[in-house]
Number of protein chains: 2
Amino acid sequence: MSENRGGNGKVSLAEVARAAGVSKMTASRVLRGGGGYSEKTRAEVMAQVERLGYVPNRIATAFASDQGTTFVGVSIPDLGNEAFARVLEGIGDKLGLHGYQTVLGLTRHTLAEEEDWIRTVLSWRPAGLILTGRSHSPRAVEMLRSSGLPVVEIWDLNSSPLDMCVGLDHYDCGFEMGRFLVGRGYRRVGYVGTSHDTANAATARLEGFAKAVTDGGGTVARQLCLHDTATFYPGYYGTEQLLASGCEPECVFYQNDSMAFGGLQYCQRIGLHVPGDIGIVGWGDMPVASVLSHRLTSMHVSTLKLGRVAAEMLVGRLSGEPVEPVRDVGYALIPGSTIRPERVD
Amino acid sequence: MSENRGGNGKVSLAEVARAAGVSKMTASRVLRGGGGYSEKTRAEVMAQVERLGYVPNRIATAFASDQGTTFVGVSIPDLGNEAFARVLEGIGDKLGLHGYQTVLGLTRHTLAEEEDWIRTVLSWRPAGLILTGRSHSPRAVEMLRSSGLPVVEIWDLNSSPLDMCVGLDHYDCGFEMGRFLVGRGYRRVGYVGTSHDTANAATARLEGFAKAVTDGGGTVARQLCLHDTATFYPGYYGTEQLLASGCEPECVFYQNDSMAFGGLQYCQRIGLHVPGDIGIVGWGDMPVASVLSHRLTSMHVSTLKLGRVAAEMLVGRLSGEPVEPVRDVGYALIPGSTIRPERVD
DNA sequence: TTGAAAGCGATACCAA
DNA sequence: TTGGTATCGCTTTCAA
C-alpha cells in the first residue's frame, strides 16, 4: 500500500500516529495543543514527531479546515521609492509578529498588473490584502468584493474605502505646502515629479499645491512629470530641464526628498545659491535629509508607522476585534532652510 | 445537502460542472485547457464559470496534485538598506514574470528569526527559497536539506552552497579597495559600518580591506561598528565619533554609499576638505552618489541584476533546466574623486 | 481521553 | 470525448 502517491518522502500525520500507537486524531490534537489527551500520549507523539522529522502540511490543513492561509497579499508600486520600502518594512514586521506572511506584489504603478496579481493571490485563499493606492480596476474591485476578505488600502486617505484604509490626504498635504510657500512670499514656482498611467498620490499633492499657489495669487510656472523613477538622478536632470525651459521659478517643489536632493545638487552645481537664488522643497522627510547642512524644507510622513498600522488593522479584523475603518496618519510640515526665511517686519 | 461546509459562498468546480451539465472531470479539463473536450463543452463550461464567478481554489489543487504552491520564500535582512530593496525588486520582477509569488521574510539580521520564518514557510510547501547570506542555523540547514526544495543563497558568494548561489566575493572586494587606497598612498585609514549578531558580507569586506591595508604597510587605525542601520545618519555621527577618537585617519572606508555620504556631510560641516584633508570611500555605487558634485569613490555592484539572476536560477531549476549552481556577479571599482588623485611622477 | 468515519475541492487513473 | 472512483493529509463530527 503506497503511503504517498508522489513518494516524496514526506512524513505524514498518519505515520506519526502509527509509530506512536495512537490514531491520527489523537496525534492531530497533540500537535495543535488544544488539550484533550493525556500527558503520556503527548510525550509519545512528540517523540515520534521529533524522531521522524515530521513537518505538518499546512496546505492540507487549510484545505481540510477551510480556514484559508496565513498569507497576506501586499501590493507596492515599486521599491526604488524609499517611502514604499519603509511602508513594506512596517507591514512585514507587524504581520510576522502575528503569524502572517507577506506575499509581495510589485505593480509598477499599473492597474493591470495589480489586477493580475490580485487574481493570482486570491486563488491561494489569503487571509487578507493590503493594497497601495485607492484606484483599482473594476474587475479587481469585483474580485475583492466577492472574496469577502479584509482589505486595507494604504497611502491615499479614502473616506469610502473598499473595506479599511490608512494613509494621509495628499491633496491637503500639497495644499498646505503651497500655502506655506505663498506665505513666504513665493509667487512663481515650479514642480518636478514623475508620472505614471494612473492618477496617484503624487498627482493629488501637485493638485493641492497648485490650488494653494493660485489661490494665493501665484502661479505654477511649470510642472515637469518625468517618465522615470522618483529618485535622485531624475531630480537632478529634471531640474536642469526645468531651468532650461526658461520658466525661471523662484522655488521648486519636488515629488519627494530624493528628487529634491538631486535638484539641490544641480542648483549648487550651476552656482545657484539656495535659498538665495532659488528655493528647494521636498516631501517625505526621507533619511537623506538628515545629514544635509541646511535642513531641507519638506513634509514629514511616518511611513514605517503607516505600514504597521495597516498590518494592525488587518490583524485586528482577522481576530474579530472592532476596527476603525479609516485611519489618518497625517503629516507635519518641516519649515527647513532651503526656502527663504520668514519675513520679520 | 450542504454544498459547502463553511457556507462561505464560494463556488466550487462541482457546481460549475453541474450547471454546465458535465462531470467535474470534464470541467476540470476545460479549465486547465489541455484539450480532451469538444468546443461545445468548452463554451458551456466557460459560460458557467463566467456566470457563477468561479475562482479556482489553488489550495485544493496543490493538495490534490501534490505539486506544492507557486510561492517562493525570500529572506532579506532589512529594507532600510537600499541594496537589499533593489535585490528584492529584481527577484520580485522576475518571479512574477514566471508565475511565482514572493513570500517575504524580514530577518533583521538574525539567524533565529530566519529559522522561524523558514519553518513557517516550508510548512506551506513553497516552490523554492531564496535566502540572503551564507550562514543559517543548523536546524534551518537541516530543514532545507530534508525539504529537497531548490534554494538560492544570495549576496555572499559561496563556493559550496546548500544548493545554488549568486553573489560576489566580499572579502576580495574589500581587499581590492584596500589595495587601491594603498596604491594612492594612504597608510592610516579608518572604517565606519554597522554590526549585527552574525558575521556577514560587510564583515568580510572589512576583513579583506584590512588585510590589503596591512599587507601594504598601512594600518586600519580604527574600525567603528555601530549598532544601527547602515544609512545616512549613522554614517554622519559615526564619522563624528571616529574623528573624535583621535585616530586621525587620512581616509575613511564606509560600509556603503549611504553611510559614506553621511560621513561626507559631516566632514564638510566641520570644514574638512575632501579629498584634500580626508578621503571618503563608499561601497555599492548607490543612487545618491549619482548626483554628487564629486564622484564618490566606491564599488559598483549590480543589485537589481543579482536579484534577477537569483530568480532565474530558481525558475530554471524548477523547469528542470540545467543550472550553473554558482554565479558570480562581480563588482567594479569606481575610482571617483573623493580620494586623492593618482600620483603623476 | 480516544477513535472511526466522513468529508474538504481538486486531480489521476482507468474504463467506456 | 467523456465520466466514475479513489485519493491527497488533515479536520470535523460523533460516538465510545
Side-chain angles (χ1 to χ4, degrees), chain A residues 1-45 48-49 52-70 122-125, chain B residues 1-45 48-49 52-70 122-125:
Chain A
M1 165 191 357
S2 74
E3 199 69 55
N4 263 304
R5 182 164 52 196
N8 55 11
K10 289 284 183 306
V11 183
S12 74
L13 223 207
E15 290 168 79
V16 172
R18 181 148 29 85
V22 299
S23 73
K24 283 195 308 182
M25 263 324 296
T26 302
S28 172
R29 288 189 188 105
V30 168
L31 280 165
R32 279 176 296 159
Y37 42 80
S38 68
E39 168 53 26
K40 183 166 166 297
T41 302
R42 194 199 63 76
E44 183 54 32
V45 170
Q48 294 305 326
V49 162
L52 297 170
Y54 170 70
V55 177
N57 183 344
R58 301 271 256 132
I59 294 290
T61 306
F63 178 48
S65 63
D66 197 29
Q67 282 177 10
T69 63
T70 52
L122 283 182
S123 74
W124 286 107
R125 310 282 147 129
Chain B
M1 164 193 354
S2 74
E3 200 67 57
N4 262 305
R5 183 165 49 198
N8 55 10
K10 288 285 181 306
V11 184
S12 74
L13 223 208
E15 289 168 81
V16 171
R18 180 147 31 84
V22 297
S23 74
K24 283 196 307 180
M25 268 320 297
T26 300
S28 173
R29 284 192 271 256
V30 168
L31 281 165
R32 279 175 295 161
Y37 43 80
S38 68
E39 168 53 26
K40 182 168 168 297
T41 303
R42 194 200 61 77
E44 184 54 33
V45 170
Q48 295 304 326
V49 163
L52 298 170
Y54 171 70
V55 177
N57 183 344
R58 301 271 260 134
I59 293 290
T61 305
F63 178 49
S65 62
D66 197 28
Q67 282 177 11
T69 63
T70 53
L122 282 182
S123 74
W124 286 108
R125 310 281 147 127

query = For F63(A) and dC10(D), do the ring centres fall under 5.5 Å apart while the planes stay under 30° apart?
reply =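 So F63(A) does not count as stacking on the base.
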query = What is the minimum heavy-atom distance between L52(A) and V11(A), and which atoms define it?
reply =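 Of all heavy-atom pairs spanning L52(A) and V11(A), the closest is O-CG2, 3.4 Å.
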request  = Return the minimal non-hydrogen interatomic distance between I59(A) and R125(B), and the atom names on each side.
outcome  =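 Scanning both residues, the minimum pair turns out to be CG1-CG, 4.0 Å.
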Rounded to the Å, how far apart are [X] [atom1] and [N] [atom2]?
{"X": "K24(B)", "N": "dC13(C)", "atom1": "NZ", "atom2": "P", "value": "16 Å"}
{"X": "D66(B)", "N": "dA6(D)", "atom1": "CG", "atom2": "C1'", "value": "16 Å"}
{"X": "R18(A)", "N": "dG9(D)", "atom1": "CZ", "atom2": "C1'", "value": "13 Å"}
{"X": "E15(B)", "N": "dC8(C)", "atom1": "CD", "atom2": "P", "value": "11 Å"}
{"X": "L13(B)", "N": "dG3(D)", "atom1": "CG", "atom2": "P", "value": "13 Å"}
{"X": "L31(B)", "N": "dA12(C)", "atom1": "CG", "atom2": "P", "value": "14 Å"}
{"X": "N57(A)", "N": "dT7(D)", "atom1": "CG", "atom2": "P", "value": "18 Å"}
{"X": "Q67(A)", "N": "dC8(C)", "atom1": "CD", "atom2": "P", "value": "16 Å"}

query = Side chain of E15(A), backbone of S12(A): donor and acceptor closer than 3.5 Å?
reply =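 Such a contact is found between E15(A) side chain and S12(A) backbone.
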task = Without swapping roles, check the side chain of S28(B) against the backbone of K24(B) for a donor-acceptor pair under 3.5 Å.
result = no
Report the distance from atom [atom1] of [X] to atom [atom2] of [Y], rounding to the nearest 0.5 Å.
{"X": "R58(B)", "Y": "T70(B)", "atom1": "CZ", "atom2": "OG1", "value": "5.0 Å"}
{"X": "S23(A)", "Y": "R29(A)", "atom1": "OG", "atom2": "CZ", "value": "6.5 Å"}
{"X": "T61(A)", "Y": "Q67(A)", "atom1": "OG1", "atom2": "CD", "value": "8.5 Å"}

Less than 4.0 angstrom between a side-chain N/O of [X] and OP1 or OP2 of [N], yes or no?
{"X": "Y54(A)", "N": "dG9(D)", "answer": "no"}
{"X": "S23(B)", "N": "dG3(D)", "answer": "yes"}
{"X": "T26(A)", "N": "dT2(C)", "answer": "no"}

task = Could you check M25(B) against R29(A) and say which one's nearest nucleotide on DNA chain D is further toward the 5' end?
result =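 By nearest-heavy-atom nucleotide position, the 5'-most residue is M25(B).
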inquiry  = If you assign V22(B) and R32(A) each to the DNA chain D nucleotide with the nearest heavy atom, which residue ends up on the more 5' nucleotide?
reply    = V22(B)
inquiry  = Does R58(A) contact dG9(D) through a side-chain donor or acceptor facing the base, at a distance under 3.5 Å?
reply    = no
message = At a heavy-atom distance below 4.0 Å, what parts of residues 34-43 of chain B sit against DNA chain D?
response =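 Under 4.0 Å from DNA chain D: G36(B), Y37(B), S38(B), T41(B).
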